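A short write-up of the structure that comes next.
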4 protein chains.
Amino acid sequence: MRNRTAERRVQLVRAAHHVFSSRGYRNTGVSDIVKEAGVSHGTFYNYFDNKRHILDEVLDTGVDFILDAVVAGDEPDDASTADELAAQFRTILTRVFDLVEREPALVQFILLDAPAIDDESLQRLLRLVRTFGATASAFLANGVRRGFLQSDLDTEVAGEGLLSLIISAILTGVRGVTPAERERVIESFVGFAMHGVR
Amino acid sequence: MRNRTAERRVQLVRAAHHVFSSRGYRNTGVSDIVKEAGVSHGTFYNYFDNKRHILDEVLDTGVDFILDAVVAGDEPDDASTADELAAQFRTILTRVFDLVEREPALVQFILLDAPAIDDESLQRLLRLVRTFGATASAFLANGVRRGFLQSDLDTEVAGEGLLSLIISAILTGVRGVTPAERERVIESFVGFAMHGVR
Amino acid sequence: MRNRTAERRVQLVRAAHHVFSSRGYRNTGVSDIVKEAGVSHGTFYNYFDNKRHILDEVLDTGVDFILDAVVAGDEPDDASTADELAAQFRTILTRVFDLVEREPALVQFILLDAPAIDDESLQRLLRLVRTFGATASAFLANGVRRGFLQSDLDTEVAGEGLLSLIISAILTGVRGVTPAERERVIESFVGFAMHGVR
Amino acid sequence: MRNRTAERRVQLVRAAHHVFSSRGYRNTGVSDIVKEAGVSHGTFYNYFDNKRHILDEVLDTGVDFILDAVVAGDEPDDASTADELAAQFRTILTRVFDLVEREPALVQFILLDAPAIDDESLQRLLRLVRTFGATASAFLANGVRRGFLQSDLDTEVAGEGLLSLIISAILTGVRGVTPAERERVIESFVGFAMHGVR
DNA sequence: AATGAATGAGTCTTCATTCAT
DNA sequence: AATGAATGAAGACTCATTCAT
């Protein structure tokens with residue numbers, strides 16, 4: 001039983017994720033979710049208190065998926081030179097573009113739709129952003145510790161700077177880019193992150 | 001007459017702006033707008049075809065307000081040295097924080113709520129973003145022309161990088177910062193923009 | 001003044017007639033009437049208590065127009081033989097088709113729209129119908145008196161029979177007919193009226 | 001389930017029929033229908049997409065009912081003499097009066113209200129009329145074939161003539177008649193149909 | 001007499017949620 | 001656990017009518 005119900009839950013979350021991504025949360029009715037999942041209205045309410053409740057789970061799932069796809073396996077202390085750090089950043093940007101290409105609806109939903117739903121969802125997203133930012137800061141802190149970045153670098157704020165570039169890249173990707181443009185953005189952003197505009 | 005109706009229009013747009021900002025577009029009924037404006041349902045529809053229609057006007061007003069507040073009077077070719085460019089960027093970041101402090105609801109509405117309403121509003125916002133990005137690029141292009149920035153700088157993409165820092169600053173501001181944090185973010189972002197993480 | 005206001009009234013009734021005929025009473029707003037007449041809402045209510053009120057006048061006008069167009073100048077005792085009666089009936093049918101051809105919207109409004117508006121308008125139309133029926137009966141009574149119709153003819157009910165043929169012709173005309181069809185219907189109906197199906 | 005929902009549907013159509021007949025389509029709100037049926041607003045929209053949609057069903061039901069009540073079981077080729085044809089026509093007129101007596105609201109709604117609602121409903125009614133007309137023509141064509149009606153009779157147009165007498169009888173019935181008047185109308189119409197005014 | 005801005009009751013329709021089966 | 005019919009509050013929009021100017 002435990003298993004059956006767990007599967008049902010997953011099935012519903014997946015269905016919700018799917019319809020939310022394609023139509024947006026507000027334009028999606030519970031009836032769309034249950035139709036997609038192939039179950040009845042009543043069943044839905046056996047598993048979730050309300051429509052808002054399943055959103056939380058969809059968001060968590062989506063956020064986890066994005067985190068996995070972008071920072072998977074990268075360790076902040078892998079880099080021991082500035083070039084290696086640049087390479088890491090390049091890798092991340094590449095993964096970001098890959099993700100957007102593969103799952104544009106998901107990304108658009110998490111980034112553009114979800115923040116506007118209500119304060120709860122906004123906070124949930126901001127938490128994701130902060131996680132990302134902290135990760136970025138950790139990469140920089142490693143550089144400072146190892147001495148290949150200036151010691152007076154404000155790693156925390158600069159981490160947010162890096163993050164904002166990543167998000168900018170996502171938005172660029174969402175609106176669709178050619179492979180050439182993509183390379184250009186990646187290289188320019190790596191350059192910008194490492195040396196600024198000079 | 002001309003005057004009375006023009007005032008009514010403004011009054012309604014202001015009321016709509018206010019309730020949209022505090023409750024969000026989707027959670028705001030026409031009844032909320034007219035209650036706020038102190039007029040009747042019918043009057044609303046004498047001035048706007050529908051709820052969507054007044055949003056356009058609120059958005060335009062808001063976008064204009066933001067553009068005015070942030071880039072007012074700054075000319076791309078005012079700067080003739082890198083330090084002057086940095087100063088310009090510092091000024092803009094300062095204004096951004098000022099704006100967010102004065103009108104947090106407006107900024108939150110335009111940046112977080114509006115993009116999610118529908119495609120039309122998203123496009124309207126993207127236009128704003130592109131305007132901002134182009135302005136940033138113009139500042140950089142001026143630096144390249146004058147020789148105080150590297151000649152191989154991709155001004156277009158780097159402009160988007162600058163812009164993403166500005167937006168990041170806005171988001172930081174939205175969640176509320178002390179004057180000290182604010183200064184720290186500004187300085188770090190100016191440093192990051194000029195020299196990168198190195 | 002008396003004159004000016006009388007003209008205004010006529011102007012409004014004409015405008016109302018026009019828009020009622022083309023859009024139907026229910027689908028016509030007071031705003032359509034005043035737009036057509038080129039006056040303001042307030043003015044309308046200076047001349048008519050409400051929308052329903054102007055309909056009465058439009059209906060009277062329309063009914064008079066139709067009566068004029070169809071029975072104008074025909075006197076029940078003009079005929080002194082059955083053939084002359086048949087000729088009269090033929091003339092009336094011809095006029096009916098002419099009227100429908102010239103003013104299809106008016107006819108359709110009076111016959112199809114007006115009866116359904118409310119009981120008052122239905123009664124008004126039924127009065128028209130009864131007037132028509134009585135006229136038809138008078139023609140037949142003349143024939144009985146003069147001896148060229150059977151003395152036991154129920155002129156009243158048979159008058160209604162004639163009338164129903166006229167209305168049938170109108171409906172045929174409303175849906176559009178070629179000149180040939182029109183002649184065929186007229187001749188058949190004259191034959192039917194004079195000799196029945198035999 | 002199948003049964004429950006089918007019943008609900010019927011219940012709603014019946015309720016709609018009832019309130020449409022007494023108040024007219026335009027003056028009836030969905031709220032009147034659901035009040036009459038004793039269900040909620042939402043339930044209505046579970047069964048019909050909109051108010052217009054249930055009208056179609058009410059109309060179809062009503063039209064079928066009328067057809068059944070008036071032409072049930074009569075076969076065009078039952079008659080082999082003129083007298084038998086006259087008897088058939090008498091039967092139909094009798095049934096028409098019976099129908100109008102039993103269901104005056106229904107008849108009034110279908111004949112006076114429905115045509116004015118919109119073009120769709122007008123067309124639906126015209127189809128009914130044409131069906132009736134074609135039936136009448138078939139009766140006459142049978143007479144011509146069998147030789148008891150003149151061979152040069154225009155059965156099509158004369159059929160419309162018969163039909164118009166039937167409709168005239170309906171209208172007479174709608175305004176209420178005594179049994180004596182009723183007999184008189186029937187006999188006169190049969191006479192008129194068979195021999196004309198002569 | 002004319003104007004037209006303002007009114008607000010009334011209408012259709014949607015959809016998250018409940019509950020009897 | 002599952003079903004899906006039923007609910008009803010809430011929302012957008014219309015339009016005949018009024019009234020201050």
Side-chain angles (χ1 to χ4, degrees), chain A residues 1 4-5 8-9 26-35 37-54, chain B residues 1-9 12 26-34 37-54, chain C residues 1 4-5 8-9 26-35 37-54, chain D residues 1-9 12 26-34 37-54:
Chain A
M1 307 301 120
R4 264 267 290 303
T5 75
R8 264 280 131 101
R9 237 192 133 74
R26 292 328 265 237
N27 302 321
T28 298
V30 172
S31 71
D32 295 313
I33 301 173
V34 300
K35 214 176 294 161
V39 302
S40 74
H41 268 84
T43 298
F44 176 89
Y45 283 92
N46 276 155
Y47 290 86
F48 301 92
D49 284 349
N50 51 48
K51 185 183 159 193
R52 182 63 187 71
H53 201 71
I54 201 175
Chain B
M1 312 297 119
R2 169 62 42 81
N3 258 352
R4 263 261 293 304
T5 76
E7 275 167 33
R8 260 286 127 99
R9 230 192 141 75
L12 278 164
R26 298 318 270 241
N27 301 321
T28 299
V30 172
S31 69
D32 295 314
I33 302 174
V34 300
V39 301
S40 75
H41 252 79
T43 296
F44 176 87
Y45 285 94
N46 279 156
Y47 289 87
F48 302 93
D49 285 347
N50 50 50
K51 187 184 155 192
R52 184 63 186 68
H53 202 72
I54 201 175
Chain C
M1 306 301 120
R4 266 264 293 300
T5 74
R8 264 280 130 102
R9 240 192 130 75
R26 286 335 261 239
N27 301 320
T28 299
V30 172
S31 73
D32 295 313
I33 302 173
V34 301
K35 214 178 292 164
V39 303
S40 73
H41 276 228
T43 297
F44 176 89
Y45 283 90
N46 277 155
Y47 291 87
F48 301 93
D49 284 349
N50 51 47
K51 184 184 160 192
R52 184 62 187 69
H53 201 70
I54 200 174
Chain D
M1 313 298 122
R2 171 59 45 78
N3 257 352
R4 261 261 291 306
T5 77
E7 275 169 33
R8 260 285 128 99
R9 230 191 142 76
L12 278 164
R26 300 314 274 242
N27 302 319
T28 299
V30 172
S31 70
D32 295 313
I33 302 173
V34 300
V39 302
S40 76
H41 255 79
T43 296
F44 176 88
Y45 284 94
N46 278 153
Y47 288 86
F48 302 93
D49 284 347
N50 52 46
K51 186 184 155 192
R52 184 63 185 70
H53 202 72
I54 200 174

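Computed from a prediction, not measured in an experiment: that's the story for all the values here. Naming convention: chains lettered A, B, ... in sequence-line order (proteins, then strands); numbering from 1 in each chain.
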Using whole Å, report how far NE2 of B:H53 lies from P of F:dA12. 16 Å

Report the distance from atom CG of D:N27 to atom C1' of F:dA16, rounded to the nearest whole Å. 14 Å

Going by modelled atom types, is there a donor-acceptor pair between the base of E:dT18 and the side chain of A:H41 at under 3.5 Å? no

Return the nucleotide paired to E:dA20: Watson-Crick means purine N1 to pyrimidine N3 with N6-O4 or O6-N4, wobble means G-U with N1-O2 and O6-N3, both under 3.5 Å. F:dT3

How many whole angstroms separate atom CZ of D:F48 from atom C1' of F:dA6? 15 Å

Does OP1 or OP2 of E:dT7 have a side-chain N or O of B:T43 closer than 4.0 Å? yes

Can you measure from OG1 (B:T5) to CZ (B:R8) and round to the nearest 0.5 angstrom? 10.0 Å

Rounded to the nearest 0.5 Å, how far does NZ of A:K35 lie from OG1 of A:T28? 11.0 Å

Closest-nucleotide ordering on DNA chain F, the 5'-leading residue of A:G38 and D:R8: A:G38

Geometric class of the C:F48/C:F44 ring pair [parallel <30°, tilted 30-60°, perpendicular >60°]: tilted

OP1 or OP2 of E:dT7 versus the side-chain N and O atoms of B:S40: is any pair under 4.0 Å? yes

Rounded to the nearest Å, what distance is computed from the NZ atom of residue C:K51 to the P atom of nucleotide F:dT18? 15 Å

Looking only at side-chain N and O atoms, does D:Y47 come under 4.0 Å of OP1 or OP2 in F:dA6? yes

Atom-to-atom span, CZ of C:R9 to C1' of E:dA1 - whole angstrom: 15 Å

Hey, does the side chain of A:R26 come within less than 4.0 Å of E:dC15's phosphate (OP1/OP2), counting only N and O? no

Heavy-atom nearest nucleotide on DNA chain F for D:F44 versus C:G42: which residue maps closer to 5'? D:F44

So if I take every side-chain heavy atom of B:N46 and compare against E:dT7, F:dA2, F:dT7, which nucleotide ends up nearest? E:dT7

Step by step, would you call D:R9 with D:L12 a side chain to side chain contact (heavy atoms under 4.5 Å, CB included)? CA-CA 5 Å; D:R9 230 191 142 76; D:L12 278 164; 5.9 Å; no

How many whole angstroms separate atom CZ of B:R52 from atom P of F:dG11? 19 Å

Report yes if a side-chain nitrogen or oxygen of D:Y45 is closer than 4.0 Å to either non-bridging phosphate oxygen (OP1 or OP2) of E:dT14; otherwise report no. no

Please tell me if the side chains of B:I54 and B:Y47 come closer than 4.5 Å, counting only heavy atoms from C-beta onward. no

Between C1' of E:dT14 and CG of D:N50, the distance in whole Å: 13 Å

Mate of F:dA10 where both pairing distances stay under 3.5 Å, Watson-Crick or G-U: E:dT13

